[in-house]
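Whatever order the structure lists ligands and atoms in, that order sets their numbers, starting from 1.
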Amino acid sequence: MMKMQHAAFAVLLLASVSANADDALYRQFGEKEGLTKIVDDMYDNVLADPRTAPYFDDAPVKRIKQKIVEQFCVLLDGPCVYTGRNMKRTHEGQNIDRAAFNAVIEDLQAAMDKNGVPFHAQNRLLAKLAPMYRDVQDRE
Ligand code: HEM
């Protein structure tokens, strides 16, 4: 019985590894249409969130959303090119700290939940965003 379970697990694991070699992750976010909706919802959350809203008082939200869709698409192995500015330059001088960063991530998680992105797919995007804290923060 245990052996059967192991064999089944190995098959599942292989299936998921080979699926991830293409754009499976991007498809789990609903491709361009799904991703655009997720980023719209994320920004609705960010602009309604007292922890993050003040950072965006004078910000070009429409442009930011377009650039984030491109950037997330690239991170999800989708067929896109990121045409925005680099993360360090973009966020320089904004006094972004760990609390603000975590708040944006929570607002993204809520948007992914709302749009039915599977939990493990959510985690794969979050794992790619986490190291960007280094470039986005300018306060310890
Ligand atoms: C992993 C986390 C983050 C990513 C991937 C990200 C990504 C981006 C991107 C792609 C842009 C547009 C770049 C361009 O205009 O070419 C942008 C702009 C901006 N981001 Fe972020 N961001 C992150 C975290 C944050 C946080 C935590 C805050 C503040 C709470 C923030 C505030 C802003 C603001 C205010 C702008 C507009 C800057 C300007 O145009 O002058 N970002 N971000």
Side-chain angles (χ1 to χ4, degrees):
M1 188 56 199
M2 277 308 279
K3 276 202 174 123
M4 279 278 284
Q5 277 176 348
H6 280 151
F9 179 69
V11 169
L12 274 176
L13 197 64
L14 275 174
S16 75
V17 167
S18 62
N20 288 338
D22 58 16
D23 65 352
L25 186 57
Y26 180 59
R27 278 189 273 115
Q28 286 179 302
F29 278 75
E31 304 186 28
K32 194 62 165 257
E33 196 184 332
L35 197 50
T36 303
K37 174 76 167 49
I38 290 164
V39 173
D40 273 343
D41 289 344
M42 172 189 172
Y43 264 87
D44 286 350
N45 297 340
V46 163
L47 297 177
D49 185 337
R51 299 171 299 175
T52 49
Y55 288 90
F56 294 88
D57 274 350
D58 302 310
V61 171
K62 192 170 167 218
R63 175 198 161 93
I64 300 172
K65 287 201 287 194
Q66 284 165 351
K67 300 304 177 192
I68 289 191
V69 168
E70 287 175 4
Q71 189 188 36
F72 284 6
C73 175
V74 171
L75 293 175
L76 298 170
D77 299 322
C80 308
V81 176
Y82 176 63
T83 62
R85 292 176 292 154
N86 87 46
M87 289 295 93
K88 199 164 173 57
R89 288 257 178 81
T90 299
H91 297 94
E92 223 159 44
Q94 294 194 38
N95 273 337
I96 296 171
D97 60 4
R98 176 58 79 181
F101 184 86
N102 289 349
V104 165
I105 294 295
E106 278 176 39
D107 294 336
L108 167 62
Q109 281 175 311
M112 293 190 294
D113 279 342
K114 186 177 170 192
N115 289 280
V117 178
F119 190 59
H120 69 277
Q122 295 191 17
N123 282 340
R124 290 189 58 201
L125 177 59
L126 296 177
K128 293 180 190 221
L129 293 177
M132 289 189 184
Y133 179 66
R134 222 182 297 120
D135 291 332
V136 168
Q137 64 87 30
D138 53 11
R139 213 151 49 110
E140 285 312 315

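Of the protein's non-hydrogen atoms, the one nearest atom 35 (C) of ligand 1 is Gln94 OE1, 3.0 Å. Nearest protein heavy-atom neighbour of atom 2 (C) of ligand 1: Phe101 CE1, 3.5 Å. Counting protein heavy atoms only, atom 32 (C) of ligand 1 is closest to Phe56 CZ, 3.2 Å. At the shortest separation from atom 12 (C) of ligand 1 among protein heavy atoms lies Lys67 CB, 4.0 Å. Taking atom 10 (C) of ligand 1 as the reference point, the nearest protein heavy-atom neighbour is Tyr82 OH, 3.4 Å.
Atom numbering of ligand 1 starts at 1 in the shown order; those under 4.0 Å from a heavy atom of Arg63 are 14 (C), 15 (O), 16 (O). Short contacts between ligand 1 and Gln71, defined as distances under 4.0 Å to a heavy atom of the residue, involve ligand atoms 5 (C), 7 (C), 10 (C). Every atom of ligand 1 is numbered from 1 in the order shown, and the set under 4.0 Å from a heavy atom of Gly84 is 16 (O).
Under 4.0 angstrom from ligand 1, the non-hydrogen atoms of Pro60 all belong to its side chain.
The minimum heavy-atom distance linking Cys73 with Pro79 is given by the pair SG-N, 4.0 Å.
Taking any N or O of Arg85, backbone or side chain, at least one lies under 3.5 Å from an N or O belonging to ligand 1.
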### Intermediate values then yes/no, side-chain hydrogen bond (donor to acceptor under 3.5 Å, both in side chains), Asp113 and Gln122
CA-CA 9 Å; Asp113 279 342; Gln122 295 191 17; 2.9 Å; yes
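Proximity of Ile38 to Leu108: side-chain heavy atoms (C-beta onward) are separated by under 4.5 Å at one or more points.
A donor-acceptor contact shorter than 3.5 Å is absent between the side chain of Asn115 and the backbone of Phe29. For the pair Asn45 (side chain) and Asp107 (backbone), a donor-acceptor distance under 3.5 Å is present.
Two rings, from Phe56 and Tyr43, have their centers less than 6.0 Å apart.
Note on atom 21 (Fe) of ligand 1: protein N/O/S atoms under 2.8 Å are His91 NE2.
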